[in-house]
Amino acid sequence: MTIAKTQFPIDLGNYKYLALNPANPTLTAEQRDILKANIQLCRDTIVFFTATGAARGVGGHTGGPYDTVPEVMILDAFFRGASEQFVPIFFDEAGHRVATQYLMATLHGHLPAEQLLRYREAHSHLPGHPELGLTPGVKFSSGRLGHVWPYVNGVAIANPGKVVFCLGSDGSQQEGNDAEAARLAIAQHLNVKLIIDDNDVTIAGHPSKYLPGFTVAKTLEGHGLKVLQGDGEDLDDLYSRLCQAVNTPGAIAVINKRPMCPGIEGLEGSTHGHDVISVDLAIKYLESRGHTAAVEYLKNIQKPEQTYTFIGSSDKWGANRNVFGEAVVKVLSRMSETERKEKVLVIDSDLEGSCGLKKIHDTYPEIFIPSGIMERGNFSAAAGFGMVKGKQAIFATFSAFLEMCISEITMARLNKSNVLCHFSHAGIDDMADNTCHFGLNNMFADNGLDDGYDTKLYFPADINQMTACVEAVFSEPGLRFIFSTRSKVPNILDTNGNEFFGSGYKFVPGKDEVIREGTQGYIVSFGDALYRSLDAVERLKQEGLDVGLINKPTLNVVDEDAIAKIGKAPFVLVVEAFNRKTGLGSRFGSWLLERGLTPKYAHLGTHKEGCGGLWEQYPYQGIDPVGIINKVKELIA
C-alpha cells in the first residue's frame, strides 16, 4: 500500500473551526452541536489512525487521546476565540497521548492528513511521544509522567497575564514532581489550569484498588488548588467548569471523571484501553460509525517484518524482560512460605506486565505490592526493606526511568541496602515511543565511590543467560541492576551450533566471556547488541577477516584477564545501544590506557535522537551488523 497516494479515509474537512470566548460560560445550541460533531469526528479519527499502529505492530495508545477530546476541542475553540488570553499549546503530561498532538497539528494545517496513516512508523516523524522540532505542529516534548506540570509553571512565569493549560491524568498525578509543582504554582500565584482525565485506569490496574485512600481532588485541594470536578462527558458542565477556571485567577484543577474509552465496546472502563485499540475492536467501532473506507484501509495493512537472518544465533527468540520474573519465581520456589514472607518484598510501579513482575505477583501475591507511578518512592521503600542483612527487595521499572532514581540509589547505597533491580526496555530496540523512552544512561546506576557499598550492573545476552544471571546474583548483598530489552533476543550459539549459555553454563559475576576467538581484533559487546555483533563477526570471518567477540555481561567491573587478552589485539571496538557519551565505551578506552594497553580503539553506540519504528532504530544509529562490519573494516584498513 503506497500511503503517499492514499487519501485519508475520514473527511477531516468536516471539522468546524469554532471560536469560543470563556467570558460566556454557557454554550448556545449551535455551539454545542458543533462541539459534539467535532468531538465525534476527532474520536473516530483517533480510533482509526492509532489502530494503524496496531495493524503494523508498532503499537500506540488510543484511550488517553480518545478520552480527552472534549476538553481539547474546547481549548482549541478558546485559542481561536480569545487568543490574547492564552499560551496556545496543548501541553500534556501524558506523552503517550501523542495522537492528540498529531491530530491537532493536522487540523491546524501543519501535517497532511495522510501522514497520520504512518503513525509510529519508522522515519515517519510521528513517534510514540511528542518531540519538539521533529514533527511539524508539535510545540513541546513529553513522555515521562510528572515532568510537564513543573515545566508549565516556568512557561506561566514567562508569560505573565496569560493562561497556560496542562493536560494531566490520575496517573501523572501520582508522581512526586507534581506535588512539588503544585506547591510552587500556589506559592507564586501562577495562572496554570490543570485539566485532569481521572478515569481510574493505569497500565497495570485501577488506582482506586492499588492506592486506596488516594484521590486526585483531595490531594490537589491539600496543596491549595481550587478543584472543579465533574463528568467529563457532560459537555455543558465541562465547558462551564473550563470557563470558570479561566476566569478565576491562579492555579485551578479541572478534574474530569469518566470511564476509560467511553463508548468503545470492549474497551470502556478497561485497563486495555490504555494501550492501542486492537484492529478487531477498531473495525467494529468504525463500522458502527459508518466509516467503510477506514475499515477497508485497516483490513489491508500488511505488518512489516524484519527479514534479516542473523547468523551465529538460533532461531529461538525469547523475551528477557519476562524471563527475569520466571527466574525469580524459580529461586523463590526453593524457599518456604515463611522464609519468603520474612525475607523478600517485591514492589511494582504500574509496569508489572512489562517488566516480568506479573509472574511473581501471580505466583506469590503475599510478597508483592502493586503500587503506583511513583518510581522514586517505590525504589526507596524497597531499599528500606532491604536494609537488614538477609532481606531482599526486588524493584523493577523501565530503564528510561532509572535517571529519575539516581539520588535514591545513592541513599540506598549509603544505607547498605540489598535491592535486586530489573530495569527493562534498556537501549533502543523496538522502541517506537522513541527518544524519551530510550534506556540509554543505565551506567548512571553505578554512581558510588570506589570504596562504596557494592553495586553491580548486568546485561544478559539471551534468555539462558538471564536465568543463569538471576540464579547467580539473587542472594548476593548490595545493589544489583539487571537490564533487559523491550525486544526479544535470539539464543547465542557456540562454534558448534550449540547454545552458548545452555546446559552446564554458570554465570560468574565480573567475568567476561569469549564468544569467538580472533587474531585481527576484538569486538566487545553485551545485551541485544551481542547477537548483532556476532552476526557481523561471522560474516567478517566468511570474508577472511579473523575478528573475535567478547561478551561483557557485567558492565562495570574490569575482568583483568579478559582486558589483558583484548588489549594485546590490533584493535578493540565496543558496540552497544547505550548512550555513546555515558555507556560502556566511554569507560573501556580509559580502562585500556590505565593498564598500558594501546590497541586501535573505537566505540559504536546510540548517538542521535530516534527515528521511531521498531528494529529500524539499530541501523539508524549505525550499530546494526552492516554498521559494525563497516567500522571493523575501517579499523583494519
Side-chain angles (χ1 to χ4, degrees), residues 17-27 31 35 38-39 68-95 97 100-101 104-105 107-108 130 132 137-142 146-169 172-173 177-178 180-198 216-217 220-221 223-230 232 235-256:
Y17 294 90
L18 181 64
L20 293 172
N21 190 325
N24 303 316
T26 304
L27 292 168
Q31 289 169 337
L35 271 177
N38 283 348
I39 290 166
T68 53
V69 166
E71 43 265 48
V72 170
M73 295 297 95
I74 293 171
L75 296 195
D76 190 47
F78 280 173
F79 294 164
R80 195 171 293 107
S83 59
E84 71 286 350
Q85 290 185 244
F86 304 103
V87 174
I89 299 176
F90 305 101
F91 285 111
D92 194 341
E93 284 229 281
R97 296 193 296 219
T100 298
Q101 308 303 324
M104 299 314 294
L107 293 173
H108 292 166
L132 180 66
V138 168
K139 299 178 180 179
F140 67 98
S141 296
S142 178
H147 287 64
V148 172
W149 184 5
Y151 191 88
V152 162
N153 280 347
V155 175
I157 294 169
N159 290 273
K162 292 195 174 185
V163 171
V164 187
F165 288 108
C166 179
L167 295 162
S169 67
S172 63
Q173 283 297 308
N177 278 6
D178 275 3
E180 298 178 21
R183 293 192 286 269
L184 180 65
I186 291 299
Q188 297 300 316
H189 309 288
L190 301 182
N191 213 10
V192 173
K193 316 299 178 184
L194 270 75
I195 308 175
I196 298 174
D197 181 34
D198 191 1
V216 175
L220 292 174
E221 286 173 344
H223 287 303
L225 274 78
K226 182 179 180 63
V227 170
L228 304 173
Q229 182 167 280
L235 194 54
D236 289 288
D237 178 62
L238 173 61
Y239 177 72
S240 174
R241 287 184 290 120
L242 286 171
C243 289
Q244 184 181 350
V246 171
N247 294 322
T248 303
I252 311 287
V254 178
I255 299 177
N256 300 317

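Both backbone and side-chain heavy atoms feed into the values below; hydrogens, waters and symmetry mates do not. Note that the structure is a prediction, hence the values are computed from the model and not measured.
- A pairwise comparison of heavy atoms in Val72 and Phe90 identifies O-CE2, 3.8 Å as the closest pair.
- Partners of Ser142 under the side-chain contact (heavy atoms from CB on, under 4.5 Å) rule, at least two apart in sequence or in another chain, are Pro130, Phe140, Val148.
- Taking all atoms of both residues into account, the shortest heavy-atom contact from Ile186 to Gly224 is CD1-O, 3.4 Å.
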Side-chain donor-acceptor pairs of residues 188-197 under 3.5 Å, sequence neighbours excluded:
unit_1	atom_1	unit_2	atom_2	d
Asn191	OD1	Lys193	NZ	2.8
Asn191	OD1	Gly250	N	3.3
Lys193	NZ	Ala245	O	3.0
Lys193	NZ	Thr248	O	2.6
Lys193	NZ	Gly250	O	2.6
Asp197	OD1	Arg258	NH1	3.0
Asp197	OD2	Asn199	ND2	3.1

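- Note that CG of Asn21 and OG of Ser83 are 10.5 Å apart. Values are rounded to the nearest 0.5 Å.
- Among all heavy-atom pairs drawn from Gly168 and Arg97, the shortest one is O-NH2, 3.0 Å.
- When the side-chain contact (heavy atoms from CB on, under 4.5 Å) test is applied to Ala105, the partners found at least two apart in sequence or on another chain are His110, Leu111.
- Contact annotation: the side chain of Lys226 approaches that of Gln244 to within less than 4.5 Å [non-hydrogen atoms, C-beta and beyond].
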Please report, to 0.1 Å, the donor-acceptor pairs under 3.5 Å made by any side chain of residues 150-166, with sequence neighbours excluded.
unit_1	atom_1	unit_2	atom_2	d
Asn153	OD1	Trp149	NE1	3.3
Asn153	ND2	Ala181	O	3.0
Asn159	ND2	Val155	O	2.8

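- In this structure the side chain of Pro70 never reaches within 4.5 angstrom of the side chain of Tyr239, judged on heavy atoms.
- Smallest separation of non-hydrogen atoms from Leu242 and Phe78: CB-CE1, 4.1 Å.
- In this structure, Met73 CE and Ile39 CD1 are separated by 7.5 Å, a value rounded to the nearest 0.5 Å.
- One finds the OG1 atom of Thr100 at 7.5 Å from the CG atom of Leu167 (value rounded to the nearest 0.5 Å).
- Between the CG atom of Leu235 and the CD1 atom of Ile74 there is a distance of 5.5 Å, given to the nearest 0.5 Å.
- Between Phe86 and Val246, some side-chain heavy-atom pair lies under the 4.5 Å cut-off.
- For the salt bridge (charged side-chain N to carboxylate O under 4.0 Å, His left out) test, no residue two or more places apart in sequence or in another chain qualifies with Arg183.
- In this structure, CZ on Arg241 lies 8.5 Å from CD on Glu71, to the nearest 0.5 angstrom.
- Considering CG of Asp76 and CG of Leu20, their distance stands at 9.5 Å, rounded to 0.5 Å.
- In this structure, the side-chain hydrogen bond (donor to acceptor under 3.5 Å, both in side chains) partners of Gln31, at least two apart in sequence or on a different chain, are Thr28.
- The main-chain N or O of Gly232 is never found under 3.5 Å from a side-chain atom of Asn256 such that the two would form a donor-acceptor pair.
- In this structure a side-chain-to-backbone donor-acceptor pair under 3.5 Å is missing from Asp236 to Leu27.
- Checked by atom type and distance alone, the side chain of Tyr17 pairs as donor or acceptor with a backbone atom of Leu107 at under 3.5 Å.
- Formation of a donor-acceptor pair under 3.5 Å by the Gln173 side chain with backbone atoms of Ala217 is not found in this model.
- Nearest heavy atom pair, residue Cys243 against residue Pro25, reads SG-CA, 3.8 Å.
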